[in-house]
Amino acid sequence: MAAAAVQHLAGHEAVAARYRDVDRAYGETRDLRLLGFMFFLVSDCILFSSFIFAYVYLRVSAPTWPPIVDGHQLPWFDTSFAAMNSVVLFGSGVTMHFALENWKHLNTRKFNGWLIATIVLGIGFLLGQAHEYSVVNISWQGSTMGASFFTLTGMHGFHVFIGVCYLAILGIQANRGVYTSSKYFGLTAGTLYWHFVDVIWVALFSLFYLW
Amino acid sequence: MSEVYIERGVALLGAILVGVTAIVQLKNDWAAHGLDASVTKLLLGLMALGCVLALLAAVNVLGARA
């Protein structure tokens, strides 16, 4: 147990040493690029927050929820399917984390395997979302519930789609030698983006399916 | 077995598996420093929270509609 902990810490130290083992110019631009990427994620967070607050406002100010349209109350969304699809997306966050960890620990084969698993799970989530759109009994027009649902989940789905393309490009770049054991900012940014997309879904899942 | 039970079963098992893995990874990375490591830890924690929510939805504690 203690030996495993020591080995784990040594692994962390080796990764940290490789991370620091870059020329000064790269080190400085890496920090700046990371900061810039964080600003991008914050701006994306503000974009989602705006729509989320609009949805919350519409919902709390409505006399009944789900709203009544043409004399009929709209149905709730299917929680069980959404819970299953959510787990698919959260699972992809874990596989992406494993992919980056394996790259840091110089296991390229495992990196490729986890990255492919992430892309497959991301596509699985998108297919699940498409299935949900095909069976859900509301439309974009005619109700604030439908408009909010399709706008927010559609925007999120677009982010997932971009993320899948982004990860595929990162995978190609990694296998063409663009990244090394010490210079892999693109992979870090890709992982952060993918985790961000997962976390946004936590908020949307809670708002539309659990609240 | 109805479709709903299968979906809830998959969600329950998946949420446990993914949630535990996320927490273990969070524990493993706890000593890591730097802006990216800190943000990763925050996002992993929120993802674990998402797994708890999915688990509660799977067992009908959350999201149960009258």
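We name chains A, B, ... by the order of the sequence lines, and we start the count at 1 in each one.
When the candidates B:L42, B:L35, B:L12, B:L55 are compared by the number of heavy-atom contacts under 4.5 Å with chain A, B:L35 comes out ahead. Note on B:A32, B:A57, B:G50: by heavy-atom pairs under 4.5 Å with chain A, the leading option is B:G50. Between chain A and the options B:C51, B:A58, B:A48, heavy-atom pairs under 4.5 Å are most frequent for B:C51.
Annotation: the span from A:T79 atom OG1 to B:R8 atom CZ amounts to 6.5 Å, rounded to 0.5 Å. Here CE of A:M84 is found 9.0 Å from CD1 of B:I6. Values are rounded to the nearest 0.5 Å. Remark: A:T188 OG1 to B:D36 CG distance equals 5.5 Å, nearest 0.5 Å. Going from atom CG of B:L46 over to atom NE2 of A:H195 covers 11.0 Å, rounded to the nearest 0.5 Å.
Proximity to chain B among residues 66-75 of chain A is not found for any residue, judged by heavy-atom separations below 4.5 angstrom. Residues from residues 36-52 of chain A that place a non-hydrogen atom less than 4.5 Å from a non-hydrogen atom of chain B comprise A:M38, given in numerical order.
Of all the heavy atoms in A:V87 and B:A54, the pair that sits closest is CG2-CB, 3.9 Å. Nearest heavy-atom pair across A:S206 and B:L53 is OG-CD1, 3.3 Å. Residues B:V4 and A:S80 approach most closely at CG1-OG, 3.8 Å, considering heavy atoms. In terms of heavy-atom proximity, A:V199 sits nearest to B:L43 at CG2-O, 3.6 Å.
The local environment of NZ in B:K41 is crowded, with over 12 non-hydrogen atoms from other residues, nucleotides or ligands closer than 6.0 Å. Counting heavy atoms of neighbouring residues, nucleotides and ligands inside a 6.0 Å radius, atom CZ of A:F158 does not exceed 12 of them.
The only option from B:L17, B:V20, B:V18 that meets the side chain to side chain contact (heavy atoms under 4.5 Å, CB included) definition with A:V94 turns out to be B:V18.
In this structure, no portion of A:N85 lies under 4.5 Å from any heavy atom of chain B. Only the backbone of A:F208 has a heavy atom closer than 4.5 Å to any heavy atom of chain B. Using a 4.5 Å cut-off between heavy atoms, A:F90 contacts chain B through both its backbone and its side chain. Using a 4.5 Å cut-off between heavy atoms, A:W211 touches chain B through its backbone atoms (N, CA, C, O) alone.
Taking 4.5 Å as the limit, every side-chain heavy atom of B:N28 sits out of range of all side-chain heavy atoms of A:E101. Between A:H97 and B:T21, every side-chain heavy-atom pair lies at or beyond the 4.5 Å cut-off. Annotation: side chain of A:T191 is not in contact with side chain of B:T40 (no heavy-atom distance under 4.5 Å).
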Discussion item. Does A:F81 form a side chain to side chain contact (heavy atoms under 4.5 Å, CB included) with B:E3? I'd like the steps, not just the answer.
Written reply: CA-CA 9 Å; A:F81 182 79; B:E3 208 174 291; over 6 Å; no
